[in-house]
Structure formats: C-alpha cells, structure tokens
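Hydrogens, waters and symmetry mates are skipped; everything else that's a heavy atom, side chains included, is used.
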Amino acid sequence: EPYVRNGDGPSEWDCSGLTMRAWGSVGVSLPHSAGSQYSRGSYVNKSDLQLGDLVFFYPGSISHVGLYAGNGQIIHAPRPGKSVEYSKMSYMPYAGARRPG
C-alpha cells in the first residue's frame, strides 16, 4: 500500500499512521506523529528489541518511525512514491526504540 502524507489507513499510510494503527489494533492509543510517539511507552535497548517495538530514526529530529520486524529489519511507510516495505534498520540513522502499552 502506498505512502501518503497523513495517511492512516486502510489503504494509504505515512510512517506514524502505520504504527498508530498497528498498535491501535491491540488497544494501545498513539498520536499520529513520530516525534510524539517517541515519548510514549518504555525505552528499549537496541539489543532487546521485540517484534512490534517502535523504532525511531534521525536523532535530534525524530522524523521517522517503523515497527521492528526481527533480524535487524523494520516494516515502515518510507516516503512519497514508495509503498509500505521491509527495510534494514541500518539504512537510516538510529535514534532509539520504545515499547508502547
């Protein structure tokens, strides 16, 4: 499904809309903003990531978020012109991770 700015499903997504709806499906409310989601939940060390944890990128500005998918990968809505995809975490500057709920 394609990236669309401010998209929050069911067929168009931006990064925080995707994570917001994924966690919302299990009853956890998150704001529609990567920066605001960064302040939710408990801090998770990179070495302790579990499936579904929120992974944030671009330290200093926290402008992107994805869901941890295992094996050093996330699923995310990357940018205009792209669709939701799996990607290596190492492709972007890591800023931290949180576990909502």
Side-chain angles (χ1 to χ4, degrees):
E1 296 173 344
Y3 175 99
V4 173
R5 184 175 171 87
N6 298 318
D8 61 3
S11 59
E12 298 174 332
W13 307 95
D14 68 7
C15 67
S16 60
L18 180 67
T19 56
M20 178 183 76
R21 292 293 178 205
W23 276 95
S25 73
V26 294
V28 177
S29 179
L30 292 173
H32 193 167
S33 159
S36 295
Q37 288 179 7
Y38 187 70
S39 66
R40 300 295 178 95
S42 56
Y43 174 81
V44 178
N45 286 318
K46 195 173 186 180
S47 61
D48 295 325
L49 286 168
Q50 294 180 9
L51 297 178
D53 284 344
L54 299 175
V55 182
F56 298 90
F57 300 93
Y58 303 101
S61 65
I62 309 295
S63 57
H64 193 67
V65 61
L67 296 160
Y68 187 65
N71 299 317
Q73 293 195 329
I74 59 165
I75 186 166
H76 67 137
R79 64 181 181 275
K82 300 284 274 180
S83 294
V84 172
E85 66 183 19
Y86 289 93
S87 185
K88 291 182 180 180
M89 287 173 40
S90 60
Y91 287 163
M92 296 173 281
Y94 180 81
R98 297 278 191 265
R99 185 169 299 142

- Task: Measure the CG-CG distance between Leu54 and Leu67 for me, rounded to the nearest 0.5 Å.
- Result: 6.0 Å
- Message: Hydrophobic cluster membership, with links at side-chain heavy-atom distances under 4.5 Å among I/L/V/M/F/W/Y: are Val65 and Val26 in one?
- Response: yes
- Under 3.5 Å, side chain of Asp14 to main-chain N/O of Gly17, donor-acceptor pair present? yes
- Query: Where is the tightest heavy-atom contact between Ser63 and Ala34, given as atom of each residue plus distance?
  - Reply: C-CB, 4.2 Å
- Task: Given side chain to side chain contact (heavy atoms under 4.5 Å, CB included), test Arg40 with Arg98 step by step and report yes or no.
- Result: CA-CA 7 Å; Arg40 300 295 178 95; Arg98 297 278 191 265; over 6 Å; no
- Item | Test item: Pro31 and Met20 side chains (from C-beta on) under 4.5 Å apart, heavy atoms | no
- Under 6.0 Å from the CG atom of Asn71, do we count more than 12 heavy atoms belonging to anything else shown? no
Can I get a per-line list of side-chain donor-acceptor pairs under 3.5 Å for residues 75-93, giving both atom names and the distance, sequence neighbours left out?
| residue | atom | partner | partner atom | Å |
| --- | --- | --- | --- | --- |
| His76 | ND1 | His64 | NE2 | 2.7 |

- Task: Nearest 0.5 Å please: distance from the CG atom of Asn6 over to the OG atom of Ser16.
- Result: 8.0 Å
- Out of curiosity, does Ile74 fall in the hydrophobic cluster containing Ile62 (side-chain heavy atoms, cut-off under 4.5 Å, transitive links)? no
- Query: Where do Ser36 and Ser39 come nearest, in terms of heavy atoms and distance?
  - Reply: O-OG, 2.8 Å
- Query: What pair of heavy atoms forms the shortest contact from Tyr68 to Gln50, and how long is it?
  - Reply: CD2-O, 3.4 Å
- Message: Regarding Asp53 and Arg99, does a basic nitrogen lie under 4.0 Å from an acidic carboxylate oxygen?
- Response: yes
- Tell me, which pairs form a ring-ring contact (aromatic ring centres under 6.0 Å, His included) where one or both residues lie in residues 3-45, sequence neighbours left out? Tyr38-Phe56
- Query: Nearest heavy-atom pair of Val28 and Pro100: which atoms, and what distance?
  - Reply: CG1-CB, 3.8 Å
- Message: Please determine whether residues Leu49 and Tyr58 belong to a single hydrophobic cluster, defined as Ile, Leu, Val, Met, Phe, Trp and Tyr linked transitively by side-chain heavy-atom distances below 4.5 Å.
- Response: yes
